[in-house]
Each structure stands twice: as structure tokens, then as C-alpha cells.
Amino acid sequence: QVQLVESGGGLVQAGGSLRLSCAASGFKFREFVMGWFRQAPGKGRELVAAIREGFGNTYYDDSVKGRFTISRDNAKNTVYLQMASLSPEDTAVYYCAAGRILRLSDGASEYDYWGQGAQVTVSS
């Protein structure tokens, strides 16, 4: 049974940092691209960052470049999203996803498995 379980969300002040974790099980983690998406109220689900196994295989949306860092630990079947310099515009539910993705910039429809989401709220 496939499971993706996010943790690490919460409330933080603008300028602060948070680290999200996503523990995966039930599939061959190493073979999948892992992505972080977010969805703010009234908006669609947007890709924040994605990572494929191998050096340099990462993608970031322009809105988070230089502030967010995605990483993965294949030994722990876990993907992380380190978020820094947070602003109220980063407030959203953040989802972890897994898929056999051809292009790291591919959107939500290309992903196979999803976590339940973690709320991140940034206060001004």
C-alpha cells in the first residue's frame, strides 16, 4: 500500500524558516521523481520543486528559487523541502507527490501518488 506522509508544517512569521518532510512507503522510492506542490485558498495546485535521483536533478518554480531547497534521502525513503525567507504569499497547503516523471517541470496530472497535505501559514 502506497503511503506519503507529510510532516513539519505549521505557523511561522514572515522571514522565518520551516522544513517539510515526506516519508514514503509502498513503492520503489528511488525510481520515482518526488515533487512538492502547494495550493492556496481559491487557487490551483502548483509545482514548487521536484527532484530526481542523481546529482543536479532538481527543479524549482521561479517564485521559490534561492529560498527553498528540495532534497531526498533514498536510505530513509524521505523527501524534504527546506523553506527559508518565508512570506505570507507562501501560505498554502503543501503536498508531497511521487511519479514516474519525464520532465521535472511537469505538473500535477503527471504524478501518481499524493500525500494528505501539510498546512503552512506565514504571518506578516
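Count residues from 1 along the sequence. On a predicted model such as this, the values are computed, not experimentally measured, just so you know. Values below: every heavy atom of this structure, side chains too, minus hydrogens, waters and symmetry copies.
- The ring pair (Phe, Tyr, Trp, His ring centres under 6.0 Å) test applied to Tyr94 returns no partner, not counting sequence neighbours.
- The two residues Ser124 and Pro88 come nearest to each other via the heavy atoms CB-CG, 3.8 Å.
- Minimum interatomic distance between Ala49 and Leu81 (heavy atoms only, all atoms of both residues): CB-CD1, 4.2 Å.
- Separation of the Trp36 and Phe68 ring centroids does not fall under the 6.0 Å cut-off.
- A single hydrophobic cluster is seen to contain both Val12 and Val64, as judged by linkage of ILVMFWY side chains at heavy-atom distances under 4.5 Å, directly or through other members.
- For the pair Thr78 and Ser21, the tightest heavy-atom approach, listed with the atom from each and the gap, is CG2-CB, 4.4 Å.
- Screening residues 106-122 for salt bridge (charged side-chain N to carboxylate O under 4.0 Å, His left out), with sequence neighbours left out, gives Arg103-Asp106.
- Leu11 forms part of no hydrophobic cluster, judged by ILVMFWY side-chain heavy-atom separations under 4.5 Å.
- For Lys65, the salt bridge (Lys or Arg N to Asp or Glu O under 4.0 Å) partners are Asp62, not counting sequence neighbours.
- The minimum heavy-atom distance between Ala98 and Met34, with the atom names listed, is CB-SD, 3.5 Å.
- Legend: residues meeting side chain to side chain contact (heavy atoms under 4.5 Å, CB included) with Asn74, ordered by chain and number and at least two apart, are Phe29, Arg30, Glu53, Arg72.
- Residues Tyr59 and Ser105 approach most closely at CE1-CB, 3.7 Å, considering heavy atoms.
- Interatomic distance, Thr69 OG1 to Arg19 CZ, rounded to the nearest 0.5 Å: 11.5 Å.
- Listed by chain and number, the hydrophobic cluster partners of Val5 come to none, as no ILVMFWY side chain reaches under 4.5 Å of it.
- Applying the salt bridge (Lys or Arg N to Asp or Glu O under 4.0 Å) test to Glu46 and every residue at least two apart in sequence or in another chain returns Arg38.
- A continuous path of hydrophobic side-chain contacts links Met83 to Ile70 [ILVMFWY only; heavy atoms under 4.5 Å].
- Ring geometry for Trp114 versus Phe37: interplanar angle of 30 to 60°, hence tilted.
- Here Val93 pairs with Tyr95, Gln119 under the side chain to side chain contact (heavy atoms under 4.5 Å, CB included) rule; sequence neighbours left out.
- Applying the side chain to side chain donor-acceptor pair (under 3.5 Å) definition to pairs two or more places apart or across chains, those involving residues 2-18 are Glu6-Gln116.
- Under the ring pair (Phe, Tyr, Trp, His ring centres under 6.0 Å) criterion, Phe32 pairs with Phe27, Tyr113, not counting sequence neighbours.
- Residues satisfying the side-chain hydrogen bond (donor to acceptor under 3.5 Å, both in side chains) criterion with Asp61, sequence neighbours excluded, are Ser63.
- Of all heavy-atom pairs spanning Ser71 and Val79, the tightest one is O-CG2, 3.2 Å.
- Placement of Tyr60 and Leu18 within a single hydrophobic cluster is found when ILVMFWY residues are connected by side-chain heavy-atom separations under 4.5 Å, directly or transitively.
- No continuous path of hydrophobic side-chain contacts links Val33 to Ile51 [ILVMFWY only; heavy atoms under 4.5 Å].
- By the 4.5 Å side-chain criterion applied to Ile, Leu, Val, Met, Phe, Trp and Tyr, Tyr80 is assigned to no cluster and stands alone.
- Leu20 is connected to Leu86 through a chain of hydrophobic side-chain contacts under 4.5 Å among Ile, Leu, Val, Met, Phe, Trp and Tyr, so both are in one cluster.
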